[in-house]
Amino acid sequence: MPDKSDKIRGCLFGGAVGDALGYPVEFDGERTIFGKYGPNGITEYEKNPRSGKAEISDDTQMSLFTANGLLVGDTRGNMRGVQGAPRGYVEVAYQDWLLTQNSSREEVDRHERFSKEGGHSWLLDVPELYARRAPGMTCLSALRQERSGSYIDDYIKAKLNDSKGCGGIMRVAPLALNYQMDDIEGMKELDLEGAQLAAITHGHSLGYMPAAVLVHIIGRLVYPSEDNQMTLKEIILEARDTVAEIFDGEKHLPELTSIIDKAIDLSEYGSPDDIDNIHQLGEGWVAEETLGIALYCALRHQEDFSAGVIAAVNHKGDSDSTGAVTGNILGAKLGYSAIEDKWKKDLELSDVILEMADDLDKGCPISEFGGHWDSDWAAKYLDMHRPEVLIKHQKDGQA
Ligand SMILES: [Mg+2]
């Protein structure tokens, strides 16, 4: 059995693998995919010939910023004794992601990083994150609106748009990795927080309710109760029922529960060919379909990470996001150690992804009154810099 640390790495890294495998075919139809890669579709990374790396896209970029925001919130809570809901810190981190998509690193350094107003994420010190990898338009426009607007506390109530794109669900997994809940009431709270994180940019209930389902599933996989070893199917059913309770009466809820049931059914009784079953679930551009396709692929291939992510990307729809969410689930279930070496080699930013996973696993080690000090942690989550960048900046400042 993989341990907690291995599952946390598996979830974050697994999501990045599915994202990177699917990104080159995100906008390709099936004739193009199977014409180019053969009857099994894309089964290996398509690397950028210049860098030699398999590129991650906005799904993984934003997942990393989600994690960065959560850990800034926790560190603030430990150091100052005050901490708001995770959504507030995560929105600030998404504003930082927005900076990476709008500006060069030099511009961000000049205007934001070393002023008091901007730059709340050490990830801004990672040059590769400034690459634009088909960022979702809804994410960009909602964050721009919020940047110039007033303070929001309840993103579900203060909805900015009616989008149910998959830009919310594809980035929320770190929430479930960072907080261990002891009972179902705690899990409900966290599921709802997952919906809030998605609602920062996606206002339609089918844009945020699937994020709550994913948070529930990943939480159960990474932190199982000792006496209760549930199967993946049992976990998915519990997630469905819990989220149905949270959003009782929401008019689009039946669409969500029915696609979850359909995914389970197809994984058990569907065609032997994954693609036939995926066609019955949709294309994954909208969040309930992304969830449906990911659940189907994870259930059908629950002991085989590679088979699951390969199934999840070889269709005409939103391959990188269906790949990312499938990779999150299977990575959380099977652990990083179960991910084949071929996916670990040449994945862009694999070191940063593992560093962030290990930070989520470790949790904030410093506190206002604690004797223990961790200067690397303080650099990243108090001063918001990579430790080596902070040291260089301090030296330059003195010179
Ligand atoms: Mg993407």
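Just so you know, ligand 1 is whichever comes first in the structure, and atom 1 is the first atom listed for that ligand. Side chains included, hydrogens not; waters and symmetry mates left out as well; all remaining heavy atoms used.
- Nearest heavy atoms, Asn102 versus Arg144: OD1-NH2, 3.2 Å.
- Applying the ring-ring contact (aromatic ring centres under 6.0 Å, His included) test to pairs two or more places apart or on separate chains, those with a residue in residues 218-271 are His204-His252, Tyr208-Phe247.
- A salt bridge does not link Lys316 with Asp28: every distance from a Lys NZ or Arg NE/NH1/NH2 to an Asp or Glu carboxylate oxygen is 4.0 Å or more.
- Of all heavy-atom pairs spanning Gly15 and Asn328, the tightest one is CA-ND2, 3.5 Å.
- With salt bridges taken as basic N to acidic carboxylate O contacts below 4.0 Å, none links Lys345 and Glu340.
- One finds a salt bridge joining Glu268 and Lys233 here, because a Lys/Arg side-chain nitrogen approaches an Asp/Glu carboxylate oxygen to under 4.0 Å.
- Note on the Mg ion (ligand 1): protein N/O/S atoms under 2.8 Å are Ser57 OG, Asp58 OD1, Asp59 OD1, Asp320 OD2.
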